[in-house]
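For the numbers below, each heavy atom of this structure counts, side chains included, while hydrogens, waters and symmetry mates do not. All of these numbers come straight from a predicted model, not from anything done at the bench.
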Amino acid sequence: MMKKKTILTIFAAAFLMSCSCNSDKSGTTPDPEPGPEPQPEQPGATAYVTKADKTKLFVSEHIDFGAPASMSPNVVRFTDDTYQGVDGFGAAMTVASCWNILKMPEEARTKFLKEMFDPEDGLGSSLIRVCIGGSDFSIERFTWCDTKGLENFAPHPYDTKYVIPVLKEIKKINPSLKIIGSPWTAPLWMKKEVNGTSDHYSWTGGVLKPEYYRDYGEYFVKWIQYMKSEGLDIYAVTPQNEPLNAGNSMSMLMYWDSARDFIRNGLGPALKDAGLDTKILVFDHNYNYDNMSGQAQYPLKIYADKEASAYIAGSAWHNYGGNVSELDKIVAGAPDKEIYFTEASIGTWNYDFASCFINDMRDIFFGTLKRGGKGVTLWNLMLDDNKGPYTDEDGSCKTCYGAVTVLSTDYSKLDYYSHYYNIAHCSKVIRPGAVRIGTSGFTTSGVQYLAFRNPDGSYGVIVLNENSSDQQLVFLTSAHSVKCTAPAKSVVSLIWKD
């Protein structure tokens, strides 16, 4: 395995299958009492605390430094071991999310985006996912080349009117922003039936025709180049969102051998010939491969082909099926390849703040990061109180929540759901370019922690306490000790500089 100015305290509360959280409860989160202002001029650490019972929601607290030694049995020391670098954390900027954001009054919109993305005065979210074409949250279904022939490639109005302007505003706030792009389907004229040669002119299902591998690779190139012309560099792409799911309102099957051949003969050479350094991340689907015969360890099967593997940076994952432990096999089989988590949802089928917040922190964030993961993106950043807008088609999620909900009567009132706090706790203290570092010492059941060294030399630590009682930990460096009390069923994020 591959060896921050305070945020306003706010109130709390994503696709088709159940995520790791459970319960059918819903409801908004009360506005808690603001926590004490941190004192940056005082030596010490800043802690951000969220309790599953919502009595503290990303409350900032100052912790004085202690002596650089401690007799506490709960000491955690940092070791010289280093692991993966981290790109960041965030959510998807779908057409729906951008539509809602642009509906907000300008002052409210600017305030929200700064709180979310500003690396100094906000969370500093730095990794987002966008759709290459439409999705079930694009109002209508589309690609950027719906008329046959690449000469007809053109930016779609939904993206130029909604998505790109919001991305530009975000990029001004956080120049370190990294974007991952994923298509829900190829243009329909490029598709055929799964087991046959006849055309499959449908938004759902079908497979990519081999004769269009290079053309589809050029489609990616044109999309990346246009985004770049708008000042938006594309950090990575996946060949297909959920390649084993033919049931989404926009979808296309791409089995591992087809993905291998498309990368080897289309996407990889097209990016290389265009001089683009955009990463390719394979799979972009569930830990259990949707229990589809012959598709287990999908990324490893592709990596086995040296020609295709040479174009691939790593793999991307969703959690709508299976367990994050599947990543152990992937890391063991290809320790040189990168890991990203790219999608998870919350909605009416599973939402309860406490369980979703704790379980997703454990399974998605800790689960990915401790296995070498370089970043996490969740599903829609913002939906309205009608859970949209979405494409009104079969296969669209009409019961999803965003990380943030906006009231559609005035587009000013916001309700923050569990995914917002998951992103907040990691983005605020683990900065882009941070390196995960080793720890030794205190361990106990129900408590996890991970430590990182940020590019500015500060330490960032995230602590998850799933127990029903408070837990104390003392983080020890050569210069200081930092005593952290993690309340029962909470997440605490810490940041300090020796």
Side-chain angles (χ1 to χ4, degrees), residues 4-14 29 31 46 48 50 57-60 86-130 137 162-180 232 235 342-344 346 357 360-361 364-365 375-384 401-407 411-432 460 462 491 493 495:
K4 241 193 346 194
K5 2 200 178 165
T6 301
I7 294 203
L8 298 179
T9 304
I10 42 186
F11 57 100
T29 301
D31 189 8
T46 300
Y48 301 92
T50 297
L57 291 166
F58 208 65
V59 174
S60 60
V86 177
D87 289 328
F89 311 89
M93 302 303 299
T94 57
V95 171
S97 290
C98 295
W99 168 287
N100 286 318
I101 289 170
L102 287 176
K103 288 278 188 178
M104 298 177 71
E106 183 177 1
E107 184 178 354
R109 179 177 73 248
T110 299
K111 178 178 180 288
F112 170 71
L113 292 178
K114 286 186 175 181
E115 287 177 351
M116 189 78 202
F117 296 100
D118 194 298
E120 293 296 328
D121 298 324
L123 300 180
S125 174
S126 61
L127 187 67
I128 62 174
R129 185 168 178 240
V130 301
F137 284 95
Y162 301 110
V163 178
I164 290 175
V166 174
L167 296 182
K168 286 181 174 181
E169 192 167 349
I170 294 171
K171 189 68 180 291
K172 288 180 180 179
I173 295 169
N174 190 346
S176 298
L177 182 72
K178 289 182 170 64
I179 302 171
I180 299 174
L232 301 166
Y235 184 64
T342 48
E343 186 181 316
I346 50 176
F357 175 65
D360 285 347
M361 184 60 73
I364 299 174
F365 290 83
V376 173
T377 61
L378 305 177
W379 198 206
N380 293 277
L381 175 60
M382 181 184 287
L383 295 179
D384 67 20
Y401 296 133
V404 180
T405 292
V406 63
L407 188 64
Y411 290 93
S412 293
K413 182 178 175 58
L414 301 178
D415 190 19
Y416 294 71
Y417 281 47
S418 60
H419 274 179
Y420 172 88
Y421 293 98
N422 292 132
I423 295 166
H425 273 279
C426 291
S427 291
K428 188 60 181 175
V429 303
I430 309 170
R431 314 309 299 161
I462 50 175
V491 175
S493 296
I495 189 167

- Message: Using 30° and 60° as the class boundaries, would you call the ring planes of F365 and F89 parallel, tilted or perpendicular?
- Response: tilted
- Message: Nearest 0.5 angstrom please: L378 CG to N422 CG, how far?
- Response: 6.5 Å
- Item | L381 side chain reached by M116 side chain, heavy atoms, under 4.5 Å | yes
- By side-chain contact (heavy atoms from CB on, under 4.5 Å), which residues pair with T50, not counting sequence neighbours? L57, F58, F353, F357, Y421, H425
- Query: For M361 and C426, what are the C-alpha separation, side-chain angles and deciding distance, and is it a side-chain contact (heavy atoms from CB on, under 4.5 Å)?
  - Reply: CA-CA 9 Å; M361 184 60 73; C426 291; 4.3 Å; yes
- Item | Contact check, side chains of I170 and L113, non-hydrogen atoms, under 4.5 Å | yes
- Message: Using a 3.5 Å distance criterion without hydrogens, assess whether the side chain of R431 forms a donor-acceptor pair with backbone atoms of P119.
- Response: yes
- Note on the structure: Rounded to the nearest 0.5 Å, the NZ atom of K114 sits from the CG atom of D121 at a distance of 8.0 Å
Can you list, pair by pair, the side-chain donor-acceptor contacts under 3.5 Å of residues 172-179, counting residues two or more places apart and other chains?
residue, atom, partner, partner atom, Å
N174, OD1, S176, N, 3.0
N174, ND2, F117, O, 3.2
N174, ND2, S125, O, 3.1

- side chain to side chain donor-acceptor pair (under 3.5 Å) against S427, all qualifying residues, sequence neighbours excluded: none
- Item | Nearest heavy atoms of G90 and I423, plus distance in Å | O-CD1, 3.5 Å
- Can you find a heavy atom in the side chain of I128 that is under 4.5 Å from one in the side chain of L167? yes
- List for me each residue that meets salt bridge (Lys or Arg N to Asp or Glu O under 4.0 Å) alongside R109, sequence neighbours excluded, and say none if there are none. E169
- Query: Is any side-chain heavy atom of D360 less than 4.5 Å from a side-chain heavy atom of I346?
  - Reply: yes
- Item | Shortest non-hydrogen contact from V130 toward M93 | CG1-O, 4.1 Å
- Of all heavy-atom pairs linking T377 and T342, the shortest is OG1-O, 2.8 Å
- Task: Would you please test F112 and V404 for side-chain contact (heavy atoms from CB on, under 4.5 Å) and show each step?
- Result: CA-CA 10 Å; F112 170 71; V404 180; 3.9 Å; yes
- So how far is it from N380 CG to Y401 OH, rounded to the nearest 0.5 Å? 13.5 Å
- Between CD on residue E115 and OH on residue Y420, distance to nearest 0.5 Å: 6.0 Å
Atom pairs and distances, side-chain donor-acceptor, residues 99-108, under 3.5 Å, sequence neighbours left out:
residue, atom, partner, partner atom, Å
N100, ND2, A96, O, 3.1
N100, ND2, G388, O, 3.1

- Message: Restricting to side chain to side chain donor-acceptor pair (under 3.5 Å), what partner residues turn up for Y235, sequence neighbours left out?
- Response: D87, K279
- Item | Closest approach of P432 to S126 (non-hydrogen atoms, all atoms of both residues) | CG-OG, 3.3 Å
- Message: Testing the basics here: between V406 and S412, what is the closest heavy-atom pair and its distance to 0.1 Å?
- Response: CG2-N, 4.2 Å
- Kindly compute the distance separating CG (L414) from OG1 (T405), expressed to the nearest 0.5 Å. 9.0 Å
